[in-house]
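Read through the structure below, which is laid out as structure tokens, and then see the notes.
Values below: all heavy atoms of this structure, side chains included; hydrogens, waters and symmetry mates excluded. This is a predicted model, so every value here is computed, not measured.
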Amino acid sequence: MSEETAAAPRAASLEAGAAAIVACPDTRKKVRLAYQLAGDWFGRALSLRAAGRLDLPERPGRPENPVLLPPRDMPKRAVGGTRGRIALIHSLAHIELNAVDLTWDLVARFAGETMPRSFFDDWVQVGLEEAKHFSMLERRLNELDAAYGDLPAHDGLWQAAAETGQSLTARLAIIPLVLEARGLDITPPMIEKARANDDEATAKILETIYRDEKRHVAFGAKWFRFMCDRQRVRPEPLFQQLVRTHFRGALKPPFNDRARSEAGLTPGFYKPLASLVG
């Protein structure tokens, strides 16, 4: 039995199971819980919510390492050679681990929203795939005689969860349509660079992440438009307002306009924000 599918206590509900994933400090157990919860949900073995109040963690559970630093205090990343390869994969693993927690936090935090079941189906699928991505990158580090936690990592990614904890519409705008969409811009050049450096193993992992990320952005665009239709507001102006309010960063070109548009995120959403600085 693989580490992702090893048995763990069954969750009482999707909401409770998602919260437990976020709270779990052990990365391998976090992955196992994500696989098991997704299997139970798609097997129709879970209710959406359980009776009683559920307290969600303010911050995700994390192992003792890596040391988390403010982005401004992060050391310059090594480039070139094995050290540079490890540094890149480690930074990507950290991003994917945060994506695991951001997605399952969305599922747990907004389980009380009146949404179609297909909404939760989509985000459970995303949470499962983010766990898969982290696990693939962690194994690649191990193949290079390294491990997640060997290098420091920045502590700014969870800020997006805190900024959007009270609004599903804002969460959909920031997580899939800003953070995941950025992956569509930067991943193809990373794939090319990995192949140029004869690192086919990493290139294949990045291809899987890129393919899945396009679907995640598409889910975000679909459900953001659903929320806008429900509120009877135009999607593009609301997206721009929410990004200006909740996102501390920059929307930097070049953009992968083709991949973004294929996922339903057309240039009218993000091009007016291209000069945004944080």
Side-chain angles (χ1 to χ4, degrees), residues 1-6 24-32 34-35 60-103 127-160 179-214 216 249-250 252-256 259:
M1 181 177 291
S2 71
E3 68 184 19
E4 290 85 355
T5 57
C24 181
D26 183 305
T27 58
R28 294 191 177 185
K29 183 178 179 182
K30 193 185 288 278
V31 169
R32 288 199 302 269
Y35 271 73
R62 285 288 181 268
E64 184 176 342
N65 288 313
V67 175
L68 298 179
L69 301 174
R72 66 180 180 275
D73 294 339
M74 284 290 294
K76 188 174 182 180
R77 193 170 71 200
V79 294
T82 301
R83 287 183 59 202
R85 185 176 299 174
I86 289 171
L88 173 63
I89 297 168
H90 192 279
S91 69
L92 294 173
H94 184 65
I95 290 169
E96 293 298 330
L97 183 62
N98 275 271
V100 173
D101 291 318
L102 287 166
T103 304
L128 174 63
E129 290 172 351
E130 302 293 14
K132 176 187 69 176
H133 298 165
F134 173 78
S135 189
M136 292 167 69
L137 291 164
E138 185 179 45
R139 282 196 293 268
R140 183 65 184 131
L141 285 171
N142 297 161
E143 291 168 359
L144 296 169
D145 295 321
Y148 177 69
D150 286 353
L151 301 173
H154 72 83
D155 196 29
L157 290 169
W158 187 250
Q159 189 176 60
L179 298 182
E180 291 245 40
R182 183 60 178 159
L184 301 185
D185 304 332
I186 66 174
T187 305
M190 287 194 292
I191 295 170
E192 291 179 7
K193 186 173 181 180
R195 289 216 161 94
N197 292 330
D198 296 320
D199 188 0
E200 183 64 22
T202 299
K204 288 182 176 179
I205 292 170
L206 292 173
E207 284 181 335
T208 297
I209 292 173
Y210 178 67
R211 182 183 65 245
D212 292 345
E213 279 181 338
K214 190 182 293 186
H216 301 174
K252 298 177 181 178
F255 300 110
N256 187 343

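- Across every non-hydrogen atom of L69 and P152, the tightest pair is CD1-CB, 3.8 Å.
- Using a 4.5 Å heavy-atom cutoff, the side chains of L88 and M190 are in contact.
- Counted within 6.0 Å of CD on E64, heavy atoms from surrounding residues, nucleotides or ligands total 12 or fewer; the atom is thus considered open.
- In plain terms, the two heavy atoms of G127 and A34 that are nearest each other are O-CB, 4.4 Å.
- The nearest pair of heavy atoms linking L184 to N256 is O-ND2, 2.9 Å.
- Taking CG from N142 and CG from L137, the interatomic distance works out to 11.0 Å, rounded to the nearest 0.5 Å.
- Rounding to the nearest 0.5 Å places CD of E180 at 12.0 Å from CG of D185.
- Residues L92 and L206 are in side-chain contact: their nearest non-hydrogen atoms beyond the backbone lie under 4.5 Å apart.
- Judged by distance alone, the side chains of H133 and E213 never bring a donor and an acceptor atom under 3.5 Å apart.
- Side-chain contact between L68 and W158: absent, with no pair of heavy atoms (C-beta onward) separated by less than 4.5 Å.
- Judged by distance alone, with hydrogens and angles left aside, the side-chain atoms of R85 form no donor-acceptor pair with the main-chain N or O of A194 at under 3.5 Å.
- Contact check for K30 versus R62: side-chain heavy atoms found under the 4.5 Å cut-off.
- Counting all heavy atoms, side chain and backbone alike, L179 lies closest to A160 at CD1-CB, 4.1 Å.
- Here NE2 of H154 is found 7.5 Å from CG of N98. Values are rounded to the nearest 0.5 Å.
- Between K204 atom NZ and R140 atom CZ the span is 11.5 Å, to the nearest 0.5 Å.
- With a 4.5 Å cut-off on side-chain heavy atoms, R28 and E138 count as touching.
- Using cut-offs of 30° and 60° for the angle between ring planes, the Y148 and H90 rings count as parallel.
- For the atom pair I95 CD1 and L102 CG, the distance stands at 11.5 Å (nearest 0.5 Å).
- Side-chain contact check for T103 versus H216: every heavy-atom pair is 4.5 Å or farther apart.
- Between D212 and K132, some side-chain heavy-atom pair lies under the 4.5 Å cut-off.
- Looking only at side-chain heavy atoms (C-beta outward), N65 and D150 stay at 4.5 Å or farther from each other.
- Distance check, rounded to the nearest 0.5 Å: NZ of K214 to CD1 of I209 gives 15.0 Å.
- L97 and F134 make their closest contact through CB-CD1, 3.8 Å (heavy atoms, listed as atom of the first residue, atom of the second, distance).
- The shortest non-hydrogen separation linking A131 to V31 is O-CG2, 3.9 Å.
- Comment: R211 does not engage E129 in a salt bridge, judged by the lack of any side-chain N to carboxylate O separation of less than 4.0 angstrom.
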